[in-house]
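Below, each value reflects all heavy atoms present in this structure, side chains not excepted, and no hydrogens, waters or symmetry copies.
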Amino acid sequence: MEKHTISVGQKIAFGLGMLANQMFPAALGIFIVVLINDLGFNPLLYGVIAFIPRFIDAITDPLMGFISDNTKSKWGRRRPYIFIGAILSGILFIMLWQMDENNSQMYNFWYFLIMSMVFLIGNTMYATPLIGLGYEMTTDYNERTRLMGFSQTIGQIAWMIVPWFWVIIADP
C-alpha cells in the first residue's frame, strides 16, 4: 500500500466503527448494575461473570487476529469478519439481556455467563479485524497515528452517551 492521506470521510466512517466498538463495553458496564440491583445477583456470581468471559476474550482476540491476517477473499481479509461480527454483536447483545426476574438466580447466572461468552466471541469477530483494518489503511506512520487518534476520540463518545442509558432505564 502506498503512502496516502486518509480522507476525512474515511476517518469518520472508521471512527463510527470505533464508536460501536466502544459502545458495547460501556453499555455492559452500566447494565451490569441491573444484574446486581434489580435481579439481586450475588456479587460473587458477578465476579465470575466479569472474569470468565474476559478470560475467553483474551484467548479469542489473538486467534481472530491470526484468522483475519491469513484470510484471502475478494472483499479483503478484514471486511467479511467486520460485517458478520457487527451483525452478530448486535443480535447477541440484545439476547444477552433477555432475562426475567422470575427466573432463579442460578438460571440467570448461567444464561448471562454463557451469553456473555458467545457475545464476546461475536464482538471479537467485529472488533479485532476492525482495529487491524485501521492499521492497514495507510503505511504513513503520522497519518495512521492521526486516524487512530481521531477514531479513539469518536469511540470515547460512547463512554459519555452510555451513562444516560441508566437515566432512561431507571425512569419509571
K.L.:
Would you say the side-chain atoms of Glu143 pair up with the backbone N or O of Thr139, donor to acceptor, closer than 3.5 Å?
P.N.:
no
K.L.:
For the CZ atom of Phe66 and the OG1 atom of Thr128, what is their distance to the nearest 0.5 Å?
P.N.:
14.0 Å
K.L.:
So how far is it from Tyr81 OH to Leu88 CG, rounded to the nearest 0.5 Å?
P.N.:
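Spacing of OH (Tyr81) from CG (Leu88) equals 13.0 Å.
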K.L.:
Answer whether the closest heavy-atom distance between the side chains of Met137 and Gln10 falls below 4.5 Å.
P.N.:
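Yes - at least one pair of side-chain heavy atoms lies under 4.5 Å apart.
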K.L.:
Tell me the closest heavy-atom pair linking Ile131 and Tyr135, and the distance in Å.
P.N.:
O-CD1, 3.2 Å
K.L.:
Angle class for the Tyr111/Tyr107 ring planes (parallel below 30°, perpendicular above 60°, tilted otherwise)?
P.N.:
parallel
K.L.:
Quick one: CZ on Arg144 to CG on Asp140, what's the gap to the nearest 0.5 Å?
P.N.:
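The CZ atom of Arg144 sits 7.5 Å away from the CG atom of Asp140.
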K.L.:
Is the number of heavy atoms from other residues, nucleotides or ligands under 6.0 Å of Arg79 CZ greater than 12?
P.N.:
no
K.L.:
To the nearest 0.5 angstrom, please state how far the CG atom of Leu120 sits from the CE atom of Met125.
P.N.:
13.5 Å
K.L.:
Atom CD1 in Ile161, atom CD in Gln156: separation rounded to 0.5 Å?
P.N.:
11.5 Å
K.L.:
Determine yes or no for a side-chain-to-main-chain donor-acceptor pair under 3.5 angstrom, with Ser151 supplying the side chain and Met148 the backbone.
P.N.:
yes
K.L.:
Which atoms form the tightest heavy-atom contact between Asn108 and Asp100, and what is the distance?
P.N.:
ND2-O, 3.0 Å
K.L.:
Check the surroundings of atom CH2 in Trp75: do more than 12 heavy atoms from other residues, nucleotides or ligands lie under 6.0 Å from it?
P.N.:
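Atom CH2 in Trp75 is not packed in, count stays at 12 or less.
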K.L.:
Which residue pairs pass the side-chain hydrogen bond (donor to acceptor under 3.5 Å, both in side chains) test with at least one member in residues 14-29, sequence neighbours excluded?
P.N.:
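Qualifying pairs, neighbours excluded: Gln22-Trp159.
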K.L.:
Mark yes when over 12 heavy atoms from residues, nucleotides or ligands other than Phe165 sit less than 6.0 Å from its CZ; otherwise mark no.
P.N.:
yes
K.L.:
Going through the distances and angles, do Ile82 and Leu133 end up as a side chain to side chain contact (heavy atoms under 4.5 Å, CB included)?
P.N.:
CA-CA 9 Å; Ile82 294 169; Leu133 179 66; 3.9 Å; yes
K.L.:
Could you walk me through whether Phe24 and Phe119 pass the ring pair (Phe, Tyr, Trp, His ring centres under 6.0 Å) test, one step at a time?
P.N.:
CA-CA 10 Å; Phe24 288 121; Phe119 162 72; 5.2 Å; yes
K.L.:
Ignoring hydrogens, what is the shortest heavy-atom contact between Ala26 and Ala158? Give both atom names and the distance.
P.N.:
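Between these two residues, the closest heavy atoms are CB-O, 4.2 Å.
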K.L.:
Could you pull out all donor-acceptor pairs under 3.5 Å where a side-chain atom in residues 41-54 meets a protein atom, sequence neighbours excluded?
P.N.:
residue : atom : partner : partner atom : Å
Asn42   : OD1  : Leu44   : N            : 2.7
Arg54   : NH1  : Asp57   : OD2          : 3.4

K.L.:
Checking side chain to side chain contact (heavy atoms under 4.5 Å, CB included) for the pair Lys72/Arg77: CA distance, chi angles, key distance, verdict?
P.N.:
CA-CA 5 Å; Lys72 291 174 179 35; Arg77 59 186 184 167; over 6 Å; no
K.L.:
Heavy atoms, side chains only, cut-off 4.5 Å: are Leu130 and Phe14 in contact?
P.N.:
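They are in side-chain contact.
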K.L.:
Tell me, with the steps shown, if Met64 and Thr124 meet side chain to side chain contact (heavy atoms under 4.5 Å, CB included).
P.N.:
CA-CA 7 Å; Met64 187 68 229; Thr124 292; 3.5 Å; yes
K.L.:
Restricting to non-hydrogen atoms, name the atom on Leu28 and the atom on Phe93 that form the minimum distance, rounded to 0.1 Å.
P.N.:
N-CZ, 4.3 Å
K.L.:
Can you confirm whether Arg78 sits close enough to Asp69 that some side-chain heavy atom of one is under 4.5 Å from a side-chain heavy atom of the other?
P.N.:
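Of all side-chain heavy-atom pairs linking Asp69 with Arg78, at least one is under 4.5 Å.
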K.L.:
Out of curiosity, does Trp97 fall in the hydrophobic cluster containing Ile94 (side-chain heavy atoms, cut-off under 4.5 Å, transitive links)?
P.N.:
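Not linked; separate clusters.
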K.L.:
How about Leu147 and Thr138: do any of their side-chain heavy atoms sit closer than 4.5 Å?
P.N.:
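Heavy-atom side-chain distance check fails, nothing below 4.5 Å.
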K.L.:
How long is the gap from OG on Ser89 to CD1 on Ile121, to the nearest 0.5 Å?
P.N.:
11.0 Å
K.L.:
Side chains of Arg146 and Lys11: closer than 4.5 Å at any heavy-atom pair?
P.N.:
yes
